[in-house]
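Counting convention: from 1, in listed order, for ligands and their atoms alike. All values reported here derive from a predicted model rather than from experimental measurement.
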Amino acid sequence: MTADALRICHVGIGYWGPNLMRNVAANTNAELAAVCDLRAESLQNASEKYPDAKLYDDLGMALADPEIDAVIIATPSGLHYEQAKAALTAKKHVFVEKPLAETVSEALELTRLAKFVERVVMVGHTFLFNNIVHEVKRCIDSGELGDIFYAYSQRLNLGRFRTDSDVMWTLAPHDVSILNYWFDTSPDVVRATGQAHIHPDIGVAEICFANLEYPQGRSAHLHLSWLDPQKRREMVVVGSKKMLVYDDMKAEAHIRIYDKSAEAQHHSAISDFADFTTRLRAGGIVSPQVQLVEPLSVEIAHFVDCCRTGAVPRTDGRHAVDVIAVLEAMEQSMKANGMPTNVARIEA
Ligand SMILES: NC(=O)c1ccc[n+]([C@@H]2O[C@H](COP(=O)([O-])OP(=O)(O)OC[C@H]3O[C@@H](n4cnc5c(N)ncnc54)[C@H](O)[C@@H]3O)[C@@H](O)[C@H]2O)c1
């Protein structure tokens with residue numbers, strides 16, 4: 001660890017938190033100086049692994065500690081806004097797991113507060129630190145796939161059920177952050193439906209189907225589910241020249257590019273319905289080599305760098321606001337049984 005390492009307090013040691021803590025501890029420019037959770041058992045487990053970290057069972061106490069420069073928040077999403085606001089007010093840099101907040105106005109407030117106190121706010125959109133996702137973007141931007149017609153994503157499994165946040169707010173931040181990055185913009189209109197079969201009493205949707213209309217006629221479809229027989233993490237991008245499959249569950253060959261396409265053909269200058277045929281092309285499949293690095297380690301290194309240098313994070317508040325605007329529109333559409341809902345364009 002370097003002498004001027006960023007002293008981090010990790011908050012929230014549940015299912016996901018330990019992955020972040022491991023990457024903080026492994027980063028030579030950071031120190032896992034403290035951990036915080038309400039549960040004594042979680043603190044006990046953390047102290048066995050990281051004996052030098054201070055233990056806090058109250059975030060306010062951790063934020064009052066002058067030996068903490070930054071906090072990482074991995075608590076349930078309903079707490080993110082209040083906890084991030086408290087951390088920024090205490091002049092700590094903040095990394096918040098996705099989603100940054102539950103409304104656009106909360107996310108905007110955090111973004112403005114971070115600017116005002118001159119501290120970093122960054123959201124944990126992990127996939128934007130994933131080399132496979134970058135390679136897909138390269139394929140789209142280089143024109144290799146041709147004009148992009150549509151994309152779809154399947155993020156399915158049996159569980160892990162949450163009761164504090166539905167499947168859309170839990171999983172869609174991944175897909176929306178990836179698609180916004182691939183297409184360099186947000187969708188204009190969304191339609192989404194959701195259903196709660198296992199816990200209809202609390203009304204937390206376990207499955208969600210959504211359509212996102214991006215500019216240039218590009219559409220995207222999301223299928224998100226905690227109620228599926230198969231674990232699937234797959235995204236498909238269909239272009240006019242080639243088609244790409246990104247399978248995050250594969251141990252290797254995560255990307256397969258199919259040299260397949262379809263094209264309308266006319267036989268005569270005077271078009272007649274019978275003249276229309278479709279030319280199909282089906283060539284080989286290539287799988288580009290991608291250097292695999294744990295995305296969380298890249299993400300934490302980026303956060304630490306931004307705090308130390310003042311650089312703007314790739315997934316800063318501005319980026320989070322755009323993603324939350326889409327999630328908010330999806331939530332509205334779900335409440336209205338799939339009604340087309342405009343995505344608000346937010347000025348920073
Ligand atoms: N980036 C990813 O791929 C990914 C994956 C899973 C979860 N997440 C995100 O991580 C966050 C946590 O998810 P999880 O599944 O670990 O949740 P979890 O419920 O398993 O863990 C949350 C932890 O926060 C603690 N906590 C609750 N209130 C607290 C408070 N006031 N102060 C301190 N600690 C408190 C709880 O005791 C618990 O240990 C969520 O925002 C989730 O969206 C991200």
Is [X] close to ligand 1, meaning an N/O of one under 3.5 Å from an N/O of the other?
X      : answer
Thr126 : yes
Gln83  : yes
Ile13  : yes

Output the list of atoms in ligand 1 that are nearer than 4.0 Å to some heavy atom of [X], sorted by atom number.
X      : result
Arg162 : 13 (O), 14 (P), 15 (O), 17 (O), 19 (O)
Arg39  : 37 (O), 38 (C), 39 (O)
His80  : 41 (O)
Arg160 : 15 (O), 20 (O)
Val11  : 33 (C)
Ala74  : 11 (C), 12 (C), 22 (C)
Pro76  : 22 (C), 24 (O), 27 (C)

Going by atom types alone, do [X] and [Y] pair a side-chain donor with an acceptor below 3.5 Å?
X      : Y      : answer
His319 : His125 : yes
Glu328 : Gln332 : no
Arg281 : Ser261 : yes
Tyr56  : Asp37  : no

Lys/Arg N to Asp/Glu carboxylate O, [X] vs [Y], below 4.0 Å:
X      : Y      : value
Asp322 : Arg318 : yes
Arg308 : Asp4   : yes
Glu67  : Lys54  : yes

Worksheet entry | For atom 44 (C) of ligand 1, the option (of His125, Glu82, Glu97) bearing the nearest heavy atom | Glu97

Worksheet entry | From the candidates Asp37, Leu38, Leu43, the one that places a heavy atom nearest atom 37 (O) of ligand 1 | Asp37

What protein heavy atom lies closest to [atom]? Include the residue and the distance to one decimal.
atom                    : result
atom 11 (C) of ligand 1 : Thr75 O, 3.5 Å
atom 24 (O) of ligand 1 : Gly12 CA, 3.5 Å
atom 21 (O) of ligand 1 : Gly14 CA, 3.2 Å
atom 4 (C) of ligand 1  : Trp16 CE2, 3.3 Å
atom 43 (O) of ligand 1 : Lys98 O, 2.8 Å
atom 20 (O) of ligand 1 : Tyr15 N, 3.0 Å

Discussion item. Please tell me whether His134 and Tyr181 form a close aromatic pair, meaning their ring centres lie under 6.0 Å apart.
Written reply: yes

Worksheet item: Does ligand 1 have any atom that is closer than 4.0 Å to a heavy atom of Leu79?
Response: yes

Discussion item. In this structure, does ligand 1 have an atom that sits under 4.0 Å from one of the heavy atoms of Thr170?
Written reply: no

Worksheet entry | Proximity to ligand 1 by part of His174, non-hydrogen separation under 4.0 Å | side chain

Fill in: Exceeds 12 heavy-atom contacts within 6.0 angstrom, atom OH of Tyr150
no

Discussion item. Between Ser165 and Thr170, is the side chain to side chain donor-acceptor pair (under 3.5 Å) condition met? List the steps.
Written reply: CA-CA 6 Å; Ser165 169; Thr170 302; 3.2 Å; yes

Fill in: Donor-acceptor under 3.5 Å (Glu109 side chain, Ser105 main chain)
no

Discussion item. Using 30° and 60° as the class boundaries, would you call the ring planes of His302 and Phe129 parallel, tilted or perpendicular?
Written reply: tilted

